[in-house]
4 protein chains.
Amino acid sequence: MGNLNDKRRTIMEAALRVIANKGFHGATTSKIAKLAGVAEGTIYNYFENKEDLIISLFEETWRKLTERAETRISNLEHPNDKLEAIFDEVMGLFEKNPHLIEVFLIEIKPGSLFYEKKVQSLLSFLDLIEGIIREGQSLRIYKRDLDPKATRMVIFGAAQGIIHGAFLEGAESFSLKAAKETLKRILKSGLMEEIQSGL
Amino acid sequence: MGNLNDKRRTIMEAALRVIANKGFHGATTSKIAKLAGVAEGTIYNYFENKEDLIISLFEETWRKLTERAETRISNLEHPNDKLEAIFDEVMGLFEKNPHLIEVFLIEIKPGSLFYEKKVQSLLSFLDLIEGIIREGQSLRIYKRDLDPKATRMVIFGAAQGIIHGAFLEGAESFSLKAAKETLKRILKSGLMEEIQSGL
Amino acid sequence: MGNLNDKRRTIMEAALRVIANKGFHGATTSKIAKLAGVAEGTIYNYFENKEDLIISLFEETWRKLTERAETRISNLEHPNDKLEAIFDEVMGLFEKNPHLIEVFLIEIKPGSLFYEKKVQSLLSFLDLIEGIIREGQSLRIYKRDLDPKATRMVIFGAAQGIIHGAFLEGAESFSLKAAKETLKRILKSGLMEEIQSGL
Amino acid sequence: MGNLNDKRRTIMEAALRVIANKGFHGATTSKIAKLAGVAEGTIYNYFENKEDLIISLFEETWRKLTERAETRISNLEHPNDKLEAIFDEVMGLFEKNPHLIEVFLIEIKPGSLFYEKKVQSLLSFLDLIEGIIREGQSLRIYKRDLDPKATRMVIFGAAQGIIHGAFLEGAESFSLKAAKETLKRILKSGLMEEIQSGL
DNA sequence: GATGAATGAGCTTTCATTCAT
DNA sequence: TATGAATGAAAGCTCATTCAT
């Protein structure tokens, strides 16, 4: 154990940091190798090719994010609280490392590395969200006529949207904090059953 | 007239098709030229450089989309109907050309071609949405505590999300039609003022 | 007459101005054509190719310079005065249009357009200088043991040298005026027979 | 050691030979790589870009020339002898490699690679000459009213001139040996104080 | 396993020249 | 003759991948 996986991990971490600093297309094998403190050729002892490295990184990152999210929601009761906690987890990662958005949100698209591979870890993350939606529906907290697979993409996409918004407009005209609040409100009443007043 | 713009248009259409087939980063000048049936150098008679070509394509596409959307909503009264009409217009384009999502929805990020340029046509499209939101708020149809700039990104992102969903999962497990319905419901109650019961 | 040569002349003048503004390598056929107010293809009705244009321009410019120099020295007696007048003529042209130096002084070298062609007009200009040297030698003003062909190159090269100096060092540390004076003094005593004092 | 610098040297020597054969502007990276027996990309393992290669070559060549000249003059006393020794050194190099003139004497002009960089090695070489001139002036051997910065360019340019002459005219009508003698004579009396007769 | 120099296909861009009109 | 859009070879440069050590 250890040694082999240590170097593999070192390379992946270097790749993550290079992407975080230089962006997806600025992440060359040479920069990754240098930061990892290994020779360029060494990368190919641990990964088939660059694509394999990036996909592995992607999988690992989403897997860990999902794990952290699962831990956090395990203490929570209400589906709204769970969704909010997950959302915070995701936002935290990408606020710290804006460039990761490129790889972990944006490179999820037709034609990208990740698309053909239908990367499992992202689907698992989406499954987590879907589970909460279904749970909320069972508890009659969330509207039962919402398609869960569609709903999870609406939530995921809306979150991406406000991150994009933060870049598209400046920090001056776009408050991420206010945007989070707005998103929360929209989703809350968008998802929740309307309370039958007077009953 | 015509001839000059014809060739320009031919090149732009070729670029669009190459992007559609090969993705944004697979769209080389050589492939574009070949598909357009012109020499590579000819591209540079009509565009300053590749970036100029891509941005022109981007601008043109969003501009036309915005125009069509404006025409469609001019007959409509209720903000919900307007948003739905716009949404249909966008979905129509990207269902036909899935790869365009890369360029027209996604390449809007720090470091990308479009980010520095803050391409005006996309902002105009978003302005259209924002206008409808503000209008709905004035009419006390939409919640007044929603930040319009955030809201427009939530809508935009949610729409992207369900398009992504359609690709991430197969057609068999993801019904775009059902997804649209779900999105509509979420946004409807998400955006609209809750009716004061007892009145 | 006229029309044919007019257009030819127009193109050459445009070429001269483009070189003067943009330098030798910035002088593209497209810029020349635009400034001349003709189509790019038209250049090829008057010149075999770009090389032919440039060489023609070179020849013409040196021919005219030689003519002007001949006119000026026709009134002068002493070889020193003649050389100085020629020198002033050359310096005047290149001080006004520094970029011309590239073509008319510097592109005279092995491997250049002009080298293989052994451009006649420059040789005529050098012949003019040589004639003055020979004349000075006949009159026992100049040293008779100087090889005239070598001497003409020494003069020509020395003049180039101080022009280079003006570029190599800044205007602040290199006074072209002082340099001319120095060159004059060196050549004067360098060329002239030493007067046998006391005899 | 060695191996790394060997390849660097191989590439520089190839560049030198390509320039010698094809001239400065005919020296493409592809030709250089082919002659060096390396892939084009290999050049960029040793030099930042083509400009860096050419400037390195230039610097190296002038530096070595200056070194050799310094060694040779260290044994000499009279400024005339020193200048002559330097001159011989320069002539030796360029007689062997005529095309180098382009790069090492002539590409020193506004707009050229070397101009902006004010390549230090050439200035050092010129400083060497200037030092001898100043020394000669201190010793009252050379005229004190000559501007040393101008004088060094006159000498430099005159030497260039006779090299040019050797190419412009054929070997049959231009004797480089005679030209050297002529240059020596002109400079000798041109630079030296006139002896005060009667003393 | 680890190295990193070497590779070379492929990229965007330029521009002298051609030729159908 | 005049046009100028079209051409395409060739340029400098990048970088994922290989392989001899």
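Within every chain, numbering begins at 1; the chains are lettered A, B, ... in the order of the sequence lines, protein sequences first and strands thereafter. Bear in mind that the values here come from a model prediction, so they are computed numbers and not experimental data. Computed over heavy atoms, backbone and side chain alike; hydrogens, waters and symmetry mates excluded.
- When distances run from any side-chain atom of D/Lys7 to the nucleotides F/dG12, F/dG8, E/dA6, the shortest one goes to E/dA6.
- Nucleic acid contact class of B/Thr28 (heavy atoms, under 4.0 Å, all strands): sugar-phosphate only.
- Rounded to whole Å, the distance from CG on C/Leu53 to P on E/dC15 is 16 Å.
- Minimum atom distance to the side chain of A/Tyr44 is reached by F/dA16, of the listed F/dA16, E/dC11, E/dA6.
- Atom NE2 of C/His25 and atom P of F/dG12 are 12 Å apart (whole Å).
- Comparing B/Ser30 and C/Ser30 against DNA chain E, the residue whose closest nucleotide sits nearer the 5' end is B/Ser30.
- In this structure, A/Glu48 atom CD and F/dT18 atom P are separated by 11 Å, rounded to whole Å.
- Heavy atoms from other residues, nucleotides or ligands lying under 6.0 Å from CZ of C/Arg63 number more than 12.
- Closest to the side chain of B/Asn45, out of F/dA2, F/dT7, F/dA16, is F/dT7.
- Computed from coordinates, the B/Phe47 CZ to F/dA5 C1' distance equals 15 Å when rounded to whole Å.
- Here the side chain of A/Thr42 pairs no donor or acceptor atom with the backbone of A/Val38 at under 3.5 angstrom.
- In this structure, CG of A/Asp6 is placed 16 Å from C1' of E/dA2, rounded to the nearest angstrom.
- With rounding to whole Å, D/Arg8 atom CZ is found 15 Å from E/dA5 atom C1'.
- If you check E/dG4, F/dT7, E/dT17 against the side chain of B/Val38, the one that comes closest is F/dT7.
- As rounded to whole Å, 10 Å separates atom P of F/dC13 from atom CG of D/Asp52.
- Rounded to an integer number of Å, the gap from D/Lys34 NZ to E/dG8 P is 12 Å.
- A salt bridge links C/Arg9 to C/Glu60: at least one charged side-chain nitrogen sits closer than 4.0 Å to a carboxylate oxygen.
- Of the charged side-chain nitrogens involved, none lies within less than 4.0 Å of a carboxylate oxygen, so that C/Lys64 and C/Glu59 do not count as a salt-bridged pair.
- Of the candidates E/dT7, E/dT12, F/dA16, the closest approach to any side-chain atom of A/Lys50 belongs to F/dA16.
- For the residue pair A/Glu40 / A/Ser30, no side-chain donor-acceptor distance below 3.5 Å is found, with atom types taken as modelled.
- Comparing C/Gly37 and A/Lys31 along DNA chain F, the residue whose closest nucleotide (by nearest heavy atom) sits nearer the 5' end is C/Gly37.
- In the set F/dT17, E/dT7, F/dG8, F/dT17 carries the atom at the smallest distance from any side-chain atom of A/Glu40.
- Across A/Lys50 and A/Thr28, no two heavy atoms sit closer than the pair NZ-CA, 4.4 Å.
- Mapped onto DNA chain E by nearest heavy atom, B/Thr29 and A/Ile43 fall at different nucleotides, with A/Ile43 at the one closer to the 5' end.
- Within the 4.0 Å cut-off from OP1 or OP2 of F/dT1, not a single side-chain nitrogen or oxygen of C/Tyr46 is found.
- With a cut-off of 3.5 Å on both Watson-Crick or G-U wobble distances, the partner of E/dT21 is given as F/dA2.
- Base-pair partner of E/dT13: F/dA10 (Watson-Crick or G-U wobble, both distances under 3.5 Å).
- Side-chain atoms of A/Thr42 lie closest to E/dT3 of the nucleotides E/dT3, F/dT3, F/dT7.
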